[in-house]
Number of protein chains: 2
Amino acid sequence: MEYLGGKISIDVNDKVFLKDPRSSKLGNKIIEGAIDLIDEIGFEEFTFRKLASSINSTEASVYRYFENKHNLLVYLTLWYWGWLEYRLVFRLVNVEDPYERLDRAIKTLTEPIKQDSDFTQIDEVKLNRIVISESSKIYLHKLVELDNSHGFFKPYKDLVQRVCDIILEINPGYKYPHMLISTCIEGAHHQRFFAEHLPRLTDILPDEDAVTTFYLDLIKKAIQK
Amino acid sequence: MEYLGGKISIDVNDKVFLKDPRSSKLGNKIIEGAIDLIDEIGFEEFTFRKLASSINSTEASVYRYFENKHNLLVYLTLWYWGWLEYRLVFRLVNVEDPYERLDRAIKTLTEPIKQDSDFTQIDEVKLNRIVISESSKIYLHKLVELDNSHGFFKPYKDLVQRVCDIILEINPGYKYPHMLISTCIEGAHHQRFFAEHLPRLTDILPDEDAVTTFYLDLIKKAIQK
DNA sequence: TATTTTTAATAGTAACACTATTATATTTGT
DNA sequence: ACAAATATAATAGTGTTACTATTAAAAATA
(Lines give C-alpha, C1' and ligand atoms only; values in the text may rest on other atoms or scores of the structure.)
Protein backbone atom coordinates (compact mmCIF):
# COMPACT_ATOMS: atom_id res chain seq x y z
CA MET A 1 0.00 0.00 0.00
CA GLU A 2 1.30 3.43 -0.92
CA TYR A 3 -0.63 6.69 -0.80
CA LEU A 4 1.83 9.53 -0.81
CA GLY A 5 5.24 8.17 -1.71
CA GLY A 6 7.32 9.38 1.20
CA LYS A 7 5.96 12.94 1.18
CA ILE A 8 4.49 12.85 4.70
CA SER A 9 5.71 11.90 8.14
CA ILE A 10 4.15 10.91 11.46
CA ASP A 11 4.57 13.57 14.15
CA VAL A 12 5.48 12.34 17.63
CA ASN A 13 4.92 14.29 20.87
CA ASP A 14 8.13 16.27 21.36
CA LYS A 15 8.15 15.78 25.12
CA VAL A 16 9.25 12.20 24.54
CA PHE A 17 12.69 13.07 23.14
CA LEU A 18 15.47 15.51 24.08
CA LYS A 19 16.38 16.09 20.43
CA ASP A 20 14.18 15.06 17.49
CA PRO A 21 15.68 11.89 16.01
CA ARG A 22 14.16 12.82 12.63
CA SER A 23 16.36 15.94 12.54
CA SER A 24 19.74 14.27 11.96
CA LYS A 25 21.41 11.31 10.33
CA LEU A 26 22.47 9.89 13.71
CA GLY A 27 18.91 10.31 15.04
CA ASN A 28 17.48 8.27 12.16
CA LYS A 29 20.11 5.60 12.69
CA ILE A 30 19.14 5.45 16.39
CA ILE A 31 15.49 4.76 15.49
CA GLU A 32 16.29 2.19 12.81
CA GLY A 33 18.94 0.53 14.99
CA ALA A 34 16.63 0.48 18.03
CA ILE A 35 13.86 -1.24 16.05
CA ASP A 36 16.30 -3.89 14.81
CA LEU A 37 17.91 -4.45 18.20
CA ILE A 38 14.77 -4.47 20.39
CA ASP A 39 13.11 -6.87 17.94
CA GLU A 40 16.20 -9.08 18.11
CA ILE A 41 17.04 -9.21 21.83
CA GLY A 42 13.93 -7.82 23.60
CA PHE A 43 13.49 -4.65 25.66
CA GLU A 44 14.96 -6.00 28.92
CA GLU A 45 18.26 -6.97 27.29
CA PHE A 46 18.32 -3.82 25.14
CA THR A 47 20.73 -1.10 26.38
CA PHE A 48 21.93 2.19 24.92
CA ARG A 49 25.48 0.80 24.99
CA LYS A 50 24.52 -2.14 22.77
CA LEU A 51 22.48 0.15 20.50
CA ALA A 52 25.37 2.60 20.13
CA SER A 53 27.81 -0.17 19.28
CA SER A 54 25.40 -1.63 16.70
CA ILE A 55 25.23 1.70 14.83
CA ASN A 56 28.91 2.64 15.39
CA SER A 57 28.18 5.50 17.76
CA THR A 58 28.51 6.03 21.49
CA GLU A 59 26.24 5.63 24.49
CA ALA A 60 26.47 9.35 25.37
CA SER A 61 25.36 10.34 21.88
CA VAL A 62 22.22 8.24 22.18
CA TYR A 63 21.52 9.92 25.52
CA ARG A 64 21.47 13.27 23.70
CA TYR A 65 18.34 12.10 21.88
CA PHE A 66 16.48 10.16 24.60
CA GLU A 67 16.52 10.51 28.37
CA ASN A 68 16.35 6.72 28.78
CA LYS A 69 15.31 3.56 27.00
CA HIS A 70 11.76 3.84 28.35
CA ASN A 71 11.23 7.08 26.44
CA LEU A 72 12.73 5.56 23.28
CA LEU A 73 10.17 2.74 23.53
CA VAL A 74 7.42 5.34 24.08
CA TYR A 75 8.65 7.13 20.93
CA LEU A 76 8.39 3.95 18.86
CA THR A 77 4.93 3.19 20.25
CA LEU A 78 3.65 6.72 19.64
CA TRP A 79 4.92 6.57 16.07
CA TYR A 80 3.09 3.26 15.65
CA TRP A 81 -0.23 4.55 17.01
CA GLY A 82 0.07 7.65 14.84
CA TRP A 83 0.80 5.53 11.79
CA LEU A 84 -2.10 3.20 12.56
CA GLU A 85 -4.51 6.14 12.88
CA TYR A 86 -3.27 7.47 9.52
CA ARG A 87 -3.90 4.07 7.95
CA LEU A 88 -7.33 3.88 9.58
CA VAL A 89 -8.35 7.30 8.25
CA PHE A 90 -7.34 6.30 4.72
CA ARG A 91 -9.19 3.00 4.89
CA LEU A 92 -12.40 4.71 6.10
CA VAL A 93 -12.46 7.79 3.89
CA ASN A 94 -15.39 7.90 1.43
CA VAL A 95 -16.94 4.81 3.02
CA GLU A 96 -20.40 5.74 4.29
CA ASP A 97 -22.00 2.56 5.60
CA PRO A 98 -21.20 2.31 9.34
CA TYR A 99 -21.15 -1.51 9.28
CA GLU A 100 -18.61 -1.47 6.47
CA ARG A 101 -16.65 1.23 8.35
CA LEU A 102 -16.59 -0.89 11.52
CA ASP A 103 -15.51 -3.96 9.59
CA ARG A 104 -12.62 -2.05 8.02
CA ALA A 105 -11.64 -0.49 11.35
CA ILE A 106 -11.46 -3.82 13.18
CA LYS A 107 -9.45 -5.35 10.35
CA THR A 108 -7.04 -2.40 10.46
CA LEU A 109 -6.55 -2.93 14.19
CA THR A 110 -6.24 -6.71 14.23
CA GLU A 111 -4.88 -7.96 10.90
CA PRO A 112 -1.18 -8.81 10.51
CA ILE A 113 0.94 -5.82 9.50
CA LYS A 114 2.54 -5.50 6.06
CA GLN A 115 5.39 -3.21 5.09
CA ASP A 116 4.23 0.36 4.31
CA SER A 117 6.18 1.91 1.44
CA ASP A 118 5.13 5.43 2.47
CA PHE A 119 7.64 5.23 5.34
CA THR A 120 10.74 3.52 4.02
CA GLN A 121 12.89 4.28 7.06
CA ILE A 122 10.64 2.34 9.44
CA ASP A 123 10.28 -1.43 9.32
CA GLU A 124 6.61 -1.68 10.29
CA VAL A 125 6.69 -5.48 10.50
CA LYS A 126 9.43 -5.41 13.13
CA LEU A 127 7.82 -2.44 14.84
CA ASN A 128 4.53 -4.33 15.04
CA ARG A 129 6.31 -7.25 16.75
CA ILE A 130 7.84 -4.76 19.21
CA VAL A 131 4.46 -3.15 19.91
CA ILE A 132 2.95 -6.60 20.53
CA SER A 133 5.74 -7.79 22.85
CA GLU A 134 6.89 -4.61 24.55
CA SER A 135 4.46 -1.71 24.29
CA SER A 136 2.35 -2.59 27.33
CA LYS A 137 5.51 -2.02 29.39
CA ILE A 138 5.21 1.69 28.68
CA TYR A 139 2.09 1.98 30.84
CA LEU A 140 2.56 -0.95 33.22
CA HIS A 141 4.89 1.00 35.49
CA LYS A 142 4.68 3.40 38.42
CA LEU A 143 5.22 6.60 36.40
CA VAL A 144 2.28 6.02 34.03
CA GLU A 145 0.39 9.03 35.34
CA LEU A 146 3.36 11.31 34.66
CA ASP A 147 3.62 10.02 31.09
CA ASN A 148 -0.13 10.48 30.72
CA SER A 149 0.14 14.10 31.89
CA HIS A 150 2.66 14.64 29.08
CA GLY A 151 0.04 13.42 26.61
CA PHE A 152 1.88 10.22 25.69
CA PHE A 153 -1.36 8.25 25.48
CA LYS A 154 -3.31 10.73 23.39
CA PRO A 155 -2.62 8.99 20.03
CA TYR A 156 -3.94 5.75 21.52
CA LYS A 157 -7.04 7.49 22.91
CA ASP A 158 -7.64 9.19 19.55
CA LEU A 159 -7.44 5.87 17.74
CA VAL A 160 -9.84 4.20 20.19
CA GLN A 161 -12.24 7.17 19.96
CA ARG A 162 -12.47 6.96 16.17
CA VAL A 163 -13.72 3.37 16.39
CA CYS A 164 -16.00 4.22 19.34
CA ASP A 165 -17.70 6.81 17.17
CA ILE A 166 -18.53 4.18 14.57
CA ILE A 167 -19.92 1.86 17.24
CA LEU A 168 -22.08 4.63 18.69
CA GLU A 169 -23.37 5.41 15.20
CA ILE A 170 -24.50 1.79 14.88
CA ASN A 171 -25.80 1.48 18.44
CA PRO A 172 -26.00 4.82 20.32
CA GLY A 173 -27.12 3.00 23.46
CA TYR A 174 -24.05 0.74 23.78
CA LYS A 175 -22.52 1.50 27.17
CA TYR A 176 -18.96 0.21 26.93
CA PRO A 177 -17.44 1.21 23.56
CA HIS A 178 -14.03 2.19 25.00
CA MET A 179 -13.69 -1.05 26.94
CA LEU A 180 -14.73 -3.01 23.87
CA ILE A 181 -12.19 -1.40 21.56
CA SER A 182 -9.25 -1.37 23.95
CA THR A 183 -10.06 -5.00 24.85
CA CYS A 184 -9.95 -5.74 21.12
CA ILE A 185 -6.68 -3.92 20.41
CA GLU A 186 -4.79 -5.28 23.42
CA GLY A 187 -6.43 -8.68 23.04
CA ALA A 188 -5.40 -9.02 19.39
CA HIS A 189 -1.79 -8.29 20.42
CA HIS A 190 -1.96 -10.89 23.17
CA GLN A 191 -3.48 -13.50 20.89
CA ARG A 192 -0.79 -13.00 18.24
CA PHE A 193 1.87 -13.28 20.94
CA PHE A 194 0.26 -16.45 22.33
CA ALA A 195 -0.12 -17.92 18.84
CA GLU A 196 3.61 -17.54 18.29
CA HIS A 197 5.00 -18.40 21.73
CA LEU A 198 2.30 -20.19 23.76
CA PRO A 199 0.01 -21.78 21.16
CA ARG A 200 -1.78 -23.97 23.68
CA LEU A 201 -3.35 -20.81 25.13
CA THR A 202 -5.25 -19.94 21.94
CA ASP A 203 -7.38 -21.57 19.26
CA ILE A 204 -5.21 -21.99 16.19
CA LEU A 205 -6.98 -22.96 13.01
CA PRO A 206 -4.96 -23.59 9.84
CA ASP A 207 -5.60 -21.44 6.78
CA GLU A 208 -7.55 -18.79 8.64
CA ASP A 209 -6.72 -15.55 10.41
CA ALA A 210 -8.49 -16.70 13.56
CA VAL A 211 -7.54 -13.55 15.49
CA THR A 212 -9.31 -11.14 13.13
CA THR A 213 -12.26 -13.50 12.64
CA PHE A 214 -12.66 -13.86 16.40
CA TYR A 215 -12.63 -10.11 17.15
CA LEU A 216 -14.91 -9.26 14.19
CA ASP A 217 -17.44 -11.77 15.51
CA LEU A 218 -17.00 -10.67 19.14
CA ILE A 219 -17.54 -6.97 18.46
CA LYS A 220 -20.47 -7.42 16.09
CA LYS A 221 -22.31 -9.58 18.62
CA ALA A 222 -21.41 -7.28 21.53
CA ILE A 223 -22.99 -4.17 20.01
CA GLN A 224 -26.17 -5.85 18.77
CA LYS A 225 -29.25 -4.23 20.24
CA MET B 1 -14.71 -16.29 52.61
CA GLU B 2 -13.14 -19.19 54.54
CA TYR B 3 -13.36 -22.85 53.69
CA LEU B 4 -10.59 -24.68 55.47
CA GLY B 5 -9.08 -22.34 58.02
CA GLY B 6 -5.40 -22.45 57.08
CA LYS B 7 -5.23 -26.25 56.72
CA ILE B 8 -4.27 -26.26 53.03
CA SER B 9 -1.66 -24.54 50.88
CA ILE B 10 -1.20 -23.78 47.19
CA ASP B 11 1.58 -25.81 45.58
CA VAL B 12 3.88 -23.96 43.21
CA ASN B 13 6.03 -25.60 40.52
CA ASP B 14 9.34 -26.31 42.23
CA LYS B 15 11.41 -25.41 39.17
CA VAL B 16 10.66 -21.75 39.88
CA PHE B 17 12.67 -21.57 43.10
CA LEU B 18 16.08 -22.79 44.28
CA LYS B 19 14.82 -23.44 47.81
CA ASP B 20 11.14 -23.58 48.73
CA PRO B 21 10.30 -20.28 50.45
CA ARG B 22 7.51 -22.06 52.39
CA SER B 23 10.17 -24.23 54.10
CA SER B 24 11.75 -21.60 56.34
CA LYS B 25 11.03 -18.46 58.29
CA LEU B 26 13.29 -16.37 56.05
CA GLY B 27 11.60 -17.81 52.95
CA ASN B 28 8.17 -16.74 54.18
CA LYS B 29 9.49 -13.28 55.00
CA ILE B 30 10.89 -13.05 51.45
CA ILE B 31 7.44 -13.75 49.95
CA GLU B 32 5.59 -11.38 52.27
CA GLY B 33 8.23 -8.69 51.90
CA ALA B 34 8.31 -9.07 48.11
CA ILE B 35 4.52 -8.62 47.87
CA ASP B 36 4.69 -5.46 49.98
CA LEU B 37 7.68 -4.00 48.16
CA ILE B 38 6.64 -4.79 44.55
CA ASP B 39 3.17 -3.39 45.26
CA GLU B 40 4.79 -0.27 46.69
CA ILE B 41 7.56 0.56 44.19
CA GLY B 42 6.78 -1.57 41.11
CA PHE B 43 8.73 -4.44 39.56
CA GLU B 44 11.28 -2.33 37.65
CA GLU B 45 12.42 -0.50 40.80
CA PHE B 46 12.27 -3.67 42.91
CA THR B 47 15.67 -5.26 43.64
CA PHE B 48 16.82 -8.10 45.89
CA ARG B 49 19.01 -5.59 47.75
CA LYS B 50 15.99 -3.41 48.63
CA LEU B 51 13.94 -6.50 49.52
CA ALA B 52 16.70 -7.84 51.78
CA SER B 53 17.04 -4.53 53.55
CA SER B 54 13.26 -4.29 54.06
CA ILE B 55 13.20 -7.68 55.85
CA ASN B 56 16.56 -7.23 57.64
CA SER B 57 18.38 -9.86 55.64
CA THR B 58 21.00 -9.82 52.88
CA GLU B 59 20.91 -9.86 49.10
CA ALA B 60 22.87 -13.14 48.91
CA SER B 61 20.37 -14.85 51.21
CA VAL B 62 17.49 -13.94 48.91
CA TYR B 63 19.50 -15.37 46.01
CA ARG B 64 19.55 -18.71 47.81
CA TYR B 65 15.78 -18.91 47.33
CA PHE B 66 15.32 -17.41 43.84
CA GLU B 67 17.69 -17.30 40.88
CA ASN B 68 16.53 -13.75 40.02
CA LYS B 69 13.63 -11.36 40.49
CA HIS B 70 11.91 -12.66 37.36
CA ASN B 71 11.49 -16.09 38.93
CA LEU B 72 10.23 -14.53 42.17
CA LEU B 73 7.54 -12.73 40.15
CA VAL B 74 6.73 -16.01 38.40
CA TYR B 75 6.38 -17.63 41.84
CA LEU B 76 3.90 -14.99 42.99
CA THR B 77 1.92 -15.29 39.74
CA LEU B 78 1.81 -19.09 39.88
CA TRP B 79 0.59 -18.94 43.47
CA TYR B 80 -2.11 -16.51 42.35
CA TRP B 81 -3.33 -18.67 39.45
CA GLY B 82 -3.33 -21.71 41.72
CA TRP B 83 -5.31 -19.83 44.34
CA LEU B 84 -7.78 -18.55 41.75
CA GLU B 85 -8.35 -22.08 40.42
CA TYR B 86 -8.98 -23.29 43.99
CA ARG B 87 -11.52 -20.48 44.47
CA LEU B 88 -13.13 -21.29 41.13
CA VAL B 89 -13.52 -24.96 41.97
CA PHE B 90 -15.20 -24.10 45.28
CA ARG B 91 -17.56 -21.62 43.68
CA LEU B 92 -18.62 -24.16 41.02
CA VAL B 93 -18.92 -27.32 43.10
CA ASN B 94 -22.49 -28.66 43.37
CA VAL B 95 -23.74 -26.11 40.82
CA GLU B 96 -25.21 -28.01 37.88
CA ASP B 97 -26.69 -25.42 35.52
CA PRO B 98 -23.99 -24.50 32.96
CA TYR B 99 -25.28 -20.90 32.63
CA GLU B 100 -25.06 -20.42 36.37
CA ARG B 101 -21.61 -22.07 36.34
CA LEU B 102 -20.42 -19.72 33.58
CA ASP B 103 -21.78 -16.69 35.41
CA ARG B 104 -19.94 -17.67 38.58
CA ALA B 105 -16.73 -18.44 36.67
CA ILE B 106 -16.66 -15.05 34.93
CA LYS B 107 -17.34 -13.27 38.20
CA THR B 108 -14.53 -15.21 39.89
CA LEU B 109 -12.14 -14.13 37.12
CA THR B 110 -13.17 -10.49 36.84
CA GLU B 111 -14.54 -9.23 40.18
CA PRO B 112 -12.35 -7.24 42.57
CA ILE B 113 -10.39 -9.45 44.98
CA LYS B 114 -11.11 -9.61 48.70
CA GLN B 115 -8.80 -10.90 51.40
CA ASP B 116 -8.91 -14.71 51.77
CA SER B 117 -8.67 -15.83 55.37
CA ASP B 118 -7.66 -19.35 54.33
CA PHE B 119 -4.18 -18.01 53.50
CA THR B 120 -3.26 -15.52 56.18
CA GLN B 121 0.38 -15.14 55.11
CA ILE B 122 -0.52 -13.82 51.67
CA ASP B 123 -2.14 -10.44 51.13
CA GLU B 124 -4.35 -11.31 48.15
CA VAL B 125 -5.44 -7.72 47.59
CA LYS B 126 -1.86 -6.54 47.12
CA LEU B 127 -1.04 -9.67 45.13
CA ASN B 128 -3.98 -8.99 42.81
CA ARG B 129 -2.66 -5.48 42.17
CA ILE B 130 0.76 -7.00 41.39
CA VAL B 131 -0.76 -9.56 39.01
CA ILE B 132 -2.68 -6.78 37.23
CA SER B 133 0.33 -4.46 36.88
CA GLU B 134 3.25 -6.85 36.58
CA SER B 135 2.28 -10.42 35.66
CA SER B 136 2.23 -9.93 31.90
CA LYS B 137 5.95 -9.16 32.18
CA ILE B 138 6.58 -12.82 32.97
CA TYR B 139 5.65 -13.89 29.45
CA LEU B 140 6.40 -10.72 27.48
CA HIS B 141 10.11 -11.50 27.25
CA LYS B 142 12.49 -13.49 25.08
CA LEU B 143 12.77 -16.53 27.37
CA VAL B 144 9.04 -17.23 27.49
CA GLU B 145 9.42 -20.54 25.66
CA LEU B 146 11.98 -21.76 28.21
CA ASP B 147 9.63 -20.87 31.07
CA ASN B 148 6.82 -22.60 29.20
CA SER B 149 8.93 -25.75 28.84
CA HIS B 150 9.30 -25.75 32.65
CA GLY B 151 5.52 -25.76 32.92
CA PHE B 152 5.25 -22.27 34.39
CA PHE B 153 2.07 -21.54 32.42
CA LYS B 154 0.26 -24.75 33.23
CA PRO B 155 -1.80 -23.29 36.12
CA TYR B 156 -2.98 -20.53 33.78
CA LYS B 157 -3.87 -23.03 31.04
CA ASP B 158 -5.71 -25.21 33.56
CA LEU B 159 -7.75 -22.25 34.75
CA VAL B 160 -8.64 -21.22 31.18
CA GLN B 161 -9.52 -24.80 30.31
CA ARG B 162 -12.01 -25.13 33.18
CA VAL B 163 -13.99 -22.17 31.85
CA CYS B 164 -13.64 -23.38 28.24
CA ASP B 165 -15.28 -26.64 29.28
CA ILE B 166 -18.33 -24.75 30.56
CA ILE B 167 -18.56 -22.74 27.34
CA LEU B 168 -18.37 -25.89 25.21
CA GLU B 169 -21.09 -27.46 27.35
CA ILE B 170 -23.35 -24.49 26.52
CA ASN B 171 -22.31 -24.22 22.86
CA PRO B 172 -20.23 -27.19 21.63
CA GLY B 173 -19.81 -25.51 18.25
CA TYR B 174 -18.14 -22.34 19.54
CA LYS B 175 -14.77 -22.15 17.81
CA TYR B 176 -12.73 -19.77 19.98
CA PRO B 177 -13.25 -20.58 23.68
CA HIS B 178 -9.56 -20.19 24.65
CA MET B 179 -9.27 -16.81 22.92
CA LEU B 180 -12.50 -15.68 24.55
CA ILE B 181 -11.44 -16.62 28.09
CA SER B 182 -7.86 -15.37 27.89
CA THR B 183 -9.17 -12.14 26.29
CA CYS B 184 -11.53 -11.84 29.25
CA ILE B 185 -8.91 -12.53 31.97
CA GLU B 186 -6.21 -10.27 30.51
CA GLY B 187 -8.80 -7.69 29.46
CA ALA B 188 -10.29 -7.44 32.94
CA HIS B 189 -6.80 -6.81 34.33
CA HIS B 190 -6.19 -4.12 31.73
CA GLN B 191 -9.52 -2.43 32.36
CA ARG B 192 -8.93 -2.30 36.12
CA PHE B 193 -5.48 -0.83 35.50
CA PHE B 194 -6.91 1.74 33.08
CA ALA B 195 -9.75 2.60 35.45
CA GLU B 196 -7.21 3.44 38.15
CA HIS B 197 -4.45 5.10 36.11
CA LEU B 198 -5.84 6.09 32.68
CA PRO B 199 -9.60 6.49 33.23
CA ARG B 200 -10.16 8.21 29.90
CA LEU B 201 -9.40 4.89 28.19
CA THR B 202 -12.36 3.10 29.73
CA ASP B 203 -16.06 3.60 30.43
CA ILE B 204 -16.43 4.38 34.12
CA LEU B 205 -19.92 4.30 35.50
CA PRO B 206 -20.52 5.22 39.14
CA ASP B 207 -22.09 2.64 41.45
CA GLU B 208 -21.52 -0.27 39.13
CA ASP B 209 -18.76 -2.81 38.61
CA ALA B 210 -18.58 -1.97 34.91
CA VAL B 211 -15.69 -4.38 34.28
CA THR B 212 -17.57 -7.49 35.40
CA THR B 213 -20.83 -6.32 33.79
CA PHE B 214 -19.02 -5.70 30.50
CA TYR B 215 -17.31 -9.11 30.34
CA LEU B 216 -20.42 -11.00 31.47
CA ASP B 217 -22.35 -9.36 28.63
CA LEU B 218 -19.53 -9.84 26.11
CA ILE B 219 -19.08 -13.55 26.77
CA LYS B 220 -22.79 -14.39 26.87
CA LYS B 221 -23.36 -12.69 23.53
CA ALA B 222 -20.22 -14.21 21.98
CA ILE B 223 -21.22 -17.82 22.64
CA GLN B 224 -24.85 -17.44 21.54
CA LYS B 225 -25.71 -19.83 18.75
C1' DT C 1 30.35 -33.85 72.25
C1' DA C 2 32.12 -34.10 67.60
C1' DT C 3 30.85 -34.03 62.94
C1' DT C 4 28.10 -33.17 59.20
C1' DT C 5 24.88 -30.44 56.99
C1' DT C 6 22.20 -26.42 56.43
C1' DT C 7 21.82 -21.62 56.37
C1' DA C 8 23.27 -16.84 56.02
C1' DA C 9 26.72 -13.03 55.74
C1' DT C 10 30.94 -10.81 53.69
C1' DA C 11 33.07 -9.18 50.01
C1' DG C 12 33.65 -9.10 45.83
C1' DT C 13 32.99 -8.56 39.84
C1' DA C 14 31.12 -7.18 35.49
C1' DA C 15 27.69 -4.69 33.36
C1' DC C 16 24.29 -0.99 33.43
C1' DA C 17 22.14 3.74 33.72
C1' DC C 18 23.39 8.04 33.44
C1' DT C 19 26.51 12.56 33.43
C1' DA C 20 30.31 16.18 33.37
C1' DT C 21 33.61 17.60 30.51
C1' DT C 22 36.23 18.00 26.37
C1' DA C 23 36.87 17.72 21.39
C1' DT C 24 35.25 18.22 16.74
C1' DA C 25 32.26 19.64 13.17
C1' DT C 26 28.96 22.88 11.24
C1' DT C 27 26.75 27.18 10.81
C1' DT C 28 26.60 32.08 10.88
C1' DG C 29 28.14 36.91 10.63
C1' DT C 30 31.04 40.14 8.67
C1' DA D 1 36.99 33.82 3.21
C1' DC D 2 37.69 33.55 7.90
C1' DA D 3 36.59 33.97 12.84
C1' DA D 4 33.14 33.43 16.23
C1' DA D 5 29.33 31.08 17.73
C1' DT D 6 26.79 27.11 17.97
C1' DA D 7 25.63 22.35 17.44
C1' DT D 8 27.11 17.73 17.79
C1' DA D 9 29.60 13.72 19.42
C1' DA D 10 33.31 11.33 22.04
C1' DT D 11 36.01 10.48 26.37
C1' DA D 12 36.05 9.22 30.73
C1' DG D 13 34.09 8.93 34.45
C1' DT D 14 30.24 7.74 38.99
C1' DG D 15 27.04 5.20 41.54
C1' DT D 16 24.02 1.19 41.26
C1' DT D 17 22.49 -3.31 39.89
C1' DA D 18 22.59 -8.35 39.08
C1' DC D 19 24.83 -11.98 40.46
C1' DT D 20 28.65 -15.15 42.71
C1' DA D 21 32.66 -17.21 45.35
C1' DT D 22 33.96 -17.78 49.71
C1' DT D 23 33.67 -17.77 54.60
C1' DA D 24 31.21 -17.90 59.02
C1' DA D 25 27.57 -19.33 62.04
C1' DA D 26 23.81 -22.21 63.37
C1' DA D 27 21.28 -26.51 63.50
C1' DA D 28 20.86 -31.32 63.01
C1' DT D 29 22.71 -35.78 63.41
C1' DA D 30 25.95 -39.53 64.92
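Chain A is the first sequence line, chain B the second, and so forth, proteins listed ahead of strands; every chain is numbered from 1.
- Non-hydrogen atoms lying under 4.0 Å from DNA chain C are contributed by nothing in residues 134-143 of chain B.
- For the salt bridge (Lys or Arg N to Asp or Glu O under 4.0 Å) condition, the pairs that include at least one residue of residues 50-62 of chain B, sequence neighbours left out, are B:Glu45-B:Lys50, B:Arg49-B:Glu59.
- By the 4.5 Å heavy-atom criterion applied to side chains, A:Leu88 and A:Leu92 are counted as neighbours.
- What you find for B:Tyr176 and A:Ala210 is that their closest heavy atoms are CE2-CB, 3.9 Å.
- D:dT16 atom C1' lies 11 Å from atom CD of B:Glu45, rounded to whole Å.
- Aromatic rings from B:Tyr86 and B:Phe119 are positioned such that their centres are separated by under 6.0 Å.
- To the nearest 0.5 Å, the span separating CG on A:Leu198 from OG on B:Ser182 amounts to 10.5 Å.
- Residues B:Tyr75 and B:Asn71 fail the side-chain proximity criterion, which asks for heavy atoms closer than 4.5 Å.
- Applying a 4.0 Å cut-off to non-hydrogen atoms, none of the residues of residues 21-40 of chain A approaches DNA chain C.
- Smallest separation of non-hydrogen atoms from B:Val12 and B:Phe17: O-CE2, 3.9 Å.
- Every pair tested for salt bridge (Lys or Arg N to Asp or Glu O under 4.0 Å) that includes a residue from residues 8-25 of chain A fails, sequence neighbours excluded, so the list is empty.
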> Between A:Glu124 and A:Asn128, is a side chain to side chain donor-acceptor pair (under 3.5 Å) present by the stated rule, with each step listed?
Replying inline: CA-CA 6 Å; A:Glu124 288 85 7; A:Asn128 174 247; over 6 Å; no

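- Near DNA chain C, meaning a heavy atom under 4.0 Å from it, residues 48-56 of chain A has A:Arg49, A:Lys50 in order of number.
- Ring geometry, A:His150 versus A:Phe152: the interplanar angle falls from 30° to 60°, so the pair is classed tilted.
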Less than 3.5 Å apart, which donor and acceptor atoms pair up between the side chains of residues 31-40 of chain B and the rest of the protein, not counting sequence neighbours?
unit_1, atom_1, unit_2, atom_2, d
B:Asp36, OD1, B:Lys126, NZ, 2.8
B:Asp39, OD1, B:Arg129, NE, 2.9
B:Asp39, OD2, B:Arg129, NH2, 2.8

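- Contacts of residues 59-68 of chain B with DNA chain C (heavy atom under 4.0 Å): B:Ala60, B:Ser61, B:Arg64, B:Tyr65.
- If you take CG on A:Leu78 and CH2 on A:Trp83, they are separated by 15.0 Å, rounding to the nearest 0.5 Å.
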N/O to N/O distances under 3.5 Å, protein versus nucleotides 23-26 of chain D:
none

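- The six-membered or imidazole ring of A:Phe153 lies away from that of A:Trp81, with a centre-to-centre distance of 6.0 Å or more.
- Residues satisfying the side-chain hydrogen bond (donor to acceptor under 3.5 Å, both in side chains) test with B:Glu145, not counting sequence neighbours, are A:His197.
- Rounding to the nearest 0.5 Å places OG of A:Ser24 at 7.0 Å from CD1 of A:Ile30.
- Within 6.0 Å of NZ on A:Lys29 lie more than 12 heavy atoms contributed by other residues, nucleotides or ligands.
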> After noting the C-alpha distance and the side-chain angles of B:Tyr215 and A:Thr183, does the key distance pass the side chain to side chain donor-acceptor pair (under 3.5 Å) rule?
Replying inline: CA-CA 10 Å; B:Tyr215 285 104; A:Thr183 292; 2.8 Å; yes

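- Taking the six-membered ring where tryptophan is involved, the planes of B:Phe193 and A:Tyr139 are tilted, since the angle between them lies from 30° to 60°.
- Axis angle between the ends of the helix from C:dT1-D:dA30 to C:dT30-D:dA1, five pairs each and rounded to 10 degrees, works out to 0°.
- Once you apply a 4.0 Å limit to the heavy atoms of chain A, the touched nucleotides of DNA chain C run 5' to 3' over C:dC16 to C:dT19.
- For the atom pair B:Ile138 CD1 and B:Phe43 CZ, the distance stands at 9.5 Å (nearest 0.5 Å).
- Counting only residues at least two apart or in different chains, salt bridge (Lys or Arg N to Asp or Glu O under 4.0 Å) contacts with residues 186-205 of chain B comprise B:Arg192-B:Asp209.
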